[in-house]
2 protein chains.
Amino acid sequence: MTEDFQAITRFIVEIEKLKNVERKIKPAGLSRYENSAEHSWQIALLALTLLPYAEKQTDPLTVVTMLLLHDIVEIDTGDKFAYDANHDDYENELLSAKRIFAILPDEQQQTYLKLWIEFEHAQTPEAQFAKAIDRLMPVLQNLHNGCQSWIDHDVSVTQILHKNAAIEIANPLLWQWLKRQVIEAGERVGLSN
Amino acid sequence: MTEDFQAITRFIVEIEKLKNVERKIKPAGLSRYENSAEHSWQIALLALTLLPYAEKQTDPLTVVTMLLLHDIVEIDTGDKFAYDANHDDYENELLSAKRIFAILPDEQQQTYLKLWIEFEHAQTPEAQFAKAIDRLMPVLQNLHNGCQSWIDHDVSVTQILHKNAAIEIANPLLWQWLKRQVIEAGERVGLSN
């Protein structure tokens, strides 16, 4: 059992590095960019809070575990901005997932890798809900930090509405409500259409 | 339903502030202190990874939700160092928990407040396991960052062993294994006994 504790310790020390992976968003009220570790905390909690509004039967523990794990690959690959052309970096991220989860005892490494792949493929209700929440958070943040990352990266309203349409899977009314706010905010801060 | 989404948005924007609450620990390899948001992410994942080794039947979703929520009160009260005499600040933290969870729709505010109080009272297997993990993480970090927070705050080996004895609840063998490492590290870096 000591070997398992050693492996888990190596894993948890390795993932300290996620606290050093910078995203493109500044949290409302902060002058620095957020990192992928604190982002993962926040979306896990956002998912738990919004799960009672999910359309489909969705297992909360699976969703939360996925969200806590999903960005760990960025330790190797860095954060990709959702609106960048090279956003999809699945093959490199898979290599990273395999490297990092392989630090763990056999059973956990299989479980985590499977969940990470399930999230990426977005075919199950849990993965679709988790993906929707991962999209939702930066939209909420932009609506409360003066559209900082949208302005910084010259993102258009059309791009925002297209990129985040998957939020509808979490809850269609939520997406309707958000779309109006995105359009209004875009007009207010002068984003292109 | 829109009212609920507004409330949940206000909550998730309010808790952005936890990213700005500094703890006393520097993660291995980082020159800055960690914050309570990224700490909450890491211990949620550490708990999930160690739950298969729990002695008692312990519900994972309850543990993880507790850990994601437990530090939110520090938005008002700040992080208290575990070895400080005034570490226990339950009454102020409870006020903060009530203030922040009250932002949410009724059902979630009740659920979260109840979980927060359950964690604080540490009477259920879930709360005891979650508390053990919250203690375990800084021990593992100190064992990998040259005992930084123990040295900075002049903590003795006896204090460390006393303060963290609750880790035994998560797993007695884990605690035996850690105790030896703490004693060795204390000798190596010259902590007082």
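Below, each value reflects all heavy atoms present in this structure, side chains not excepted, and no hydrogens, waters or symmetry copies. The sequence lines fix the lettering, A, B, ..., with proteins before strands; numbering per chain opens at 1.
- The CD atom of Gln6(A) sits 5.5 Å away from atom CH2 of Trp177(B), with the distance rounded to the nearest 0.5 Å.
- Using a 4.5 Å heavy-atom cutoff, the side chains of Leu143(B) and Val13(A) are not in contact.
- Atoms NE2 and OG1, from His144(A) and Thr9(B) in turn, are 6.0 Å apart once rounded to the nearest 0.5 Å.
- The distance from the OG1 atom of Thr49(B) to the CG atom of Leu104(A) is 6.0 Å, given to the nearest 0.5 Å.
- Only the side chain of Ile72(B) comes within contact range of chain A, with heavy atoms under 4.5 Å apart.
- The shortest distance between side-chain heavy atoms of Leu69(B) and Leu45(A) falls below 4.5 Å.
- For the pair Thr65(B)/Val64(A), no side-chain contact is recorded, criterion being any heavy-atom separation below 4.5 Å from C-beta on.
- Between Pro27(B) and Lys19(A) the shortest heavy-atom distance is CG-CD, 3.8 Å.
- Here Arg32(A) is the residue among His39(A), Arg32(A), Gln176(A) with the most heavy-atom pairs under 4.5 Å with chain B.
- Linking Ile, Leu, Val, Met, Phe, Trp and Tyr residues whenever their side-chain heavy atoms come within less than 4.5 Å leaves Ile169(B) and Leu140(B) in two separate clusters.
- One distance of note links CD of Glu38(B) with CD of Glu16(A); it measures 8.5 Å at 0.5 Å rounding.
- Between Phe5(A) and Leu178(B) the shortest side-chain heavy-atom distance does not fall below 4.5 Å.
- To the nearest 0.5 Å, atoms CG (Leu50(A)) and CD1 (Ile12(B)) are separated by 8.0 Å.
- Between Ile15(A) and Gln42(B), the closest heavy-atom pair is CG1-NE2, 4.4 Å.
- Rounding to the nearest 0.5 Å gives a distance of 4.5 Å between CD of Gln108(A) and OH of Tyr53(B).
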